[in-house]
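In what follows, a single structure is set out as structure tokens and then discussed.
On a predicted model such as this, the values are computed, not experimentally measured, just so you know. Naming convention: chains lettered A, B, ... in sequence-line order (proteins, then strands); numbering from 1 in each chain. Heavy-atom basis, side chains included; hydrogens, waters and symmetry copies ignored.
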There are 2 protein chains.
Amino acid sequence: MKTQTDMPNRFTSFLEDRGLKLTYERRYLFEKVSRLKGHFNADSLYESLQRDKARIARGTVYRTIPLLLESGVIQKSVGEGKREFFESQTGKEHHDHLVCLKCHKVIEFHSDEIEKFQDQICEKYDFEMVFHDHRMYGHCGSCKEKKK
Amino acid sequence: MKTQTDMPNRFTSFLEDRGLKLTYERRYLFEKVSRLKGHFNADSLYESLQRDKARIARGTVYRTIPLLLESGVIQKSVGEGKREFFESQTGKEHHDHLVCLKCHKVIEFHSDEIEKFQDQICEKYDFEMVFHDHRMYGHCGSCKEKKK
DNA sequence: ATCCAATTTAGATTTAGTCTCAATTAAATG
DNA sequence: CATTTAATTGAGACTAAATCTAAATTGGAT
């Protein structure tokens, strides 16, 4: 819920832990993706920087994305095409996805029970979860019928 | 009348539903990926065909992968690099993944309870699940400690 | 304020994936 | 089972995505 700009955050602590520099470009990209609502890929992110007149090179975007992924600021998302898609984790109300293999419709769902058992699994394996991604693929109601 | 001795399967029924032809290449690729155990990408699949001396063009591999995905024969998998990775769904003992954001270790898990609630969700949304993919990202036991 | 290793930039290069069109083939039809 | 035709394939040209390189810049330690 909180997205403080100058306070330490998930990303700045991550950089510090790794002994990496907090450059202008890294901070800019962190703030940019934190504000992004929908899905994006490396290129659409680069283009939105250009619209901002932020002079950050394409290569820097590609080099920063793995850092944002590893720090859990963004995650890989439901990709329908060939490219990798990402979405911001910040302040997002969590949901998971049912994806129709036929019409590609995406239905969002949420289950407290599943989340509870997830936590149990993490405890069992001594794993500290940052985020998760749970998708079920199959056929939605209308495509099931159309199958005849 | 079918010229093949093969039984109908998920892929052949899919092709039939869509009015697509069951070509030599499609059958070959279906059988190939069904036998594959680990992860693969478009290129490693193409290379394994060349080792087989199967003369199937690169373009055909790229054109067939979406069909294998849509029919649920393969699914997109835990991709660590930039490329899309796939894995066969056939006859695989189902498991899900805990993925360490730091060392990229993958821990497999299985939970009957989670599967049960998944089924409930599907029922609620009138969704017929073909397969699912559930990943939790975070820090594994040893990376948690190393964080200091 | 200085210094140095890390990082960035711009563009060249490499690699991944798509497209085109002539040739081939599945399978529907008689 | 010969004919027909629309779908599919193969080969390679082409486009797009991602990486690399070397010179310039910068964070942050001293």
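- Residues meeting the side-chain contact (heavy atoms from CB on, under 4.5 Å) test with B:Glu108, sequence neighbours left out: B:His95, B:His97.
- The separation between A:Asp43 atom CG and D:dT15 atom P is 17 Å, rounded to whole Å.
- Checking A:His134 against B:Gln118 by side-chain atom types alone, a donor-acceptor pair falls below 3.5 Å.
- In this structure, the CZ atom of B:Arg27 is 14 Å from the P atom of C:dT25, given to the nearest Å.
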At a cut-off of 3.5 Å, list every protein nitrogen or oxygen paired with a nitrogen or oxygen from nucleotides 26-29 of chain D, distance to 0.1 Å.
residue: D:dG27; atom: N2; partner: A:Lys21; partner atom: NZ; Å: 3.4
residue: D:dG27; atom: N3; partner: A:Lys21; partner atom: NZ; Å: 3.2
residue: D:dG28; atom: OP1; partner: A:Leu22; partner atom: N; Å: 3.1

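- Close to D:dT8, at under 4.0 Å from its OP1 or OP2, lies no side-chain N or O of B:Thr60.
- Ion pairing of B:Glu70 with B:Arg18 is present here, as a side-chain N (NZ or NE/NH1/NH2) and a carboxylate O approach within less than 4.0 Å.
- Remark: B:Glu47 CD is packed, more than 12 non-hydrogen atoms of other residues, nucleotides or ligands lying under 6.0 Å away.
- Rounding to whole angstrom units, CZ of residue A:Arg55 and C1' of D:dA24 are separated by 13 Å.
- Looking at heavy atoms from C-beta onward, B:Arg26 lies in side-chain contact with B:Lys21 at the 4.5 angstrom threshold.
- A straight line from CG of A:Leu69 to C1' of D:dA18 spans 15 Å, rounded to a whole angstrom.
- The side chain of B:Arg63 lies closest to D:dG10, out of C:dT8, D:dG10, C:dA10.
- Distance A:Leu29 CG to C:dT9 C1': 14 Å, rounded to the nearest Å.
- Of the candidates D:dT9, D:dA18, C:dT9, the closest approach to any side-chain atom of A:Tyr62 belongs to D:dA18.
- Spacing between atom CG of A:Leu15 and atom P of C:dT7 amounts to 9 Å, rounded to whole angstrom units.
- Atom CD of A:Glu47 and atom P of D:dA17 are 9 Å apart (whole Å).
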Residues A:Val130, A:Arg10; criterion side chain to side chain contact (heavy atoms under 4.5 Å, CB included); working and verdict: CA-CA 10 Å; A:Val130 175; A:Arg10 185 186 280 181; 4.0 Å; yes
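- Among the heavy atoms of the strands lying under 4.0 Å from B:Arg26 are primed sugar atoms or P, OP1, OP2 only; no base atom is included.
- If you take CD1 of A:Ile56 and C1' of D:dT25, they are 14 Å apart, rounded to a whole angstrom.
- Here the shortest heavy-atom pairing between B:Phe127 and A:Gly138 reads CZ-N, 3.3 Å.
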